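Note on naming: letters A, B, ... go to the chains in the order of the sequence lines (proteins, then strands), and numbering restarts at 1 for each one. All values reported here derive from a predicted model rather than from experimental measurement.
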Amino acid sequence: MRYWLIKSEPYKISIDDLAAMPEQTTAWFGIRNYQSRNFMRNQMSPGDSVFFYHSCCAQPGIVGIAKVTQAAYPDATQFDPSSRYFDAKATEQNPRWFNIEITYVKKTRLLTIKELRRYPELIRMRILQQGNRLSITPIDPTEWKFILNILEKPITQVIK
DNA sequence: GCCAACGTTGGC
DNA sequence: GCCAACGTTGGC
């Protein structure tokens, strides 16, 4: 049982989009970064918990919680020449890219990256490191609990 | 829109 | 296997 943070550009798939999907579930396809692929293929498994993060938008931050509901399998878009995620070097026998599936759990308040940076307990988070661009990052169990705790408190008690 | 940081590609 | 060039990410 592990913890993760997954970035999504809300104009592609927002937390509301995820909630509106059939079964509130989607394949997390289109990841074309080896480190993120390896996390999915080697480590992510059903039952893992996920912070859903909006990036590349006016207010980047954590917006909800999801869970992994399907272990990694080959990403179908790599075989589809009409897809922007097509990869000519991938074959059915030797797929290069994988996706897991995630399912909506709940929305949270917006916990912005700006706010995340204010907690010394979170300074080691990957997404807060300079230049970090990984769209899937592991979250330390201690950090997970810390963030959950922040999310449960009224905002007025958290921000000075 | 800018730009720093990083990953990937490809010539050698 | 090096490394320059290029493309992408993502906060601001």
Q | A:Glu101 and A:Tyr73 side chains, donor-acceptor separation under 3.5 Å | A |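 Short answer, yes.
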Q. Are A:Arg109 and A:Glu115 within salt-bridge range, i.e. N to O under 4.0 Å?
A.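 Here A:Arg109 pairs with A:Glu115 in a salt bridge, since their nearest N and O are under 4.0 Å apart.
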Q: Could you tell me whether A:Arg96 and A:Asp87 make a salt bridge, using a distance below 4.0 angstrom between a side-chain N and a carboxylate O?
A: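 Yes, charged N to carboxylate O under 4.0 Å.
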Q: Mind running side chain to side chain donor-acceptor pair (under 3.5 Å) on A:Thr77 and A:Arg32 for me, showing each step along the way?
A: CA-CA 11 Å; A:Thr77 60; A:Arg32 295 293 180 268; 3.0 Å; yes
Q. Does a sphere of radius 6.0 Å around CZ in A:Arg124 hold more than 12 heavy atoms from other residues, nucleotides or ligands, not counting ones at 6.0 Å or beyond?
A.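 It does not: A:Arg124 CZ has 12 such atoms or fewer within range.
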(Q) Does B:dG7 have its OP1 or OP2 closer than 4.0 Å to a side-chain nitrogen or oxygen of A:Gln35? (A)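 A:Gln35 to B:dG7 OP1/OP2: side-chain N or O found under 4.0 Å.
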Q | First encountered from the 5' end of DNA chain B, between A:Gln130 and A:Arg96 | A |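 Here A:Gln130 is the residue nearer the 5' end.
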Distances under 3.5 Å between protein N/O atoms and the N/O atoms of nucleotides 8-12 of chain C, please, pair by pair.
residue	atom	partner	partner atom	Å
C:dT8	O2	A:Arg133	NH1	2.4
C:dG10	OP1	A:Lys7	NZ	2.7
C:dG10	OP1	A:Arg133	O	2.8
C:dG11	OP1	A:Tyr53	OH	2.9
C:dG11	OP2	A:Cys56	N	3.2

Q.
Between P on C:dG7 and OH on A:Tyr85, what's the gap in Å once rounded to a whole number?
A.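 Those two atoms, OH and P, are 18 Å apart.
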Q) Rounded to the Å, how far apart are A:Arg126 CZ and B:dG7 C1'? A)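 After rounding, the gap between these two atoms is 14 Å.
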Q | Identified ring-ring contact (aromatic ring centres under 6.0 Å, His included) partner of A:Trp4 from the options A:Phe39, A:Phe51, A:Tyr53 | A |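 Running ring-ring contact (aromatic ring centres under 6.0 Å, His included) over A:Phe39, A:Phe51, A:Tyr53 with A:Trp4 returns exactly one hit, A:Phe39.
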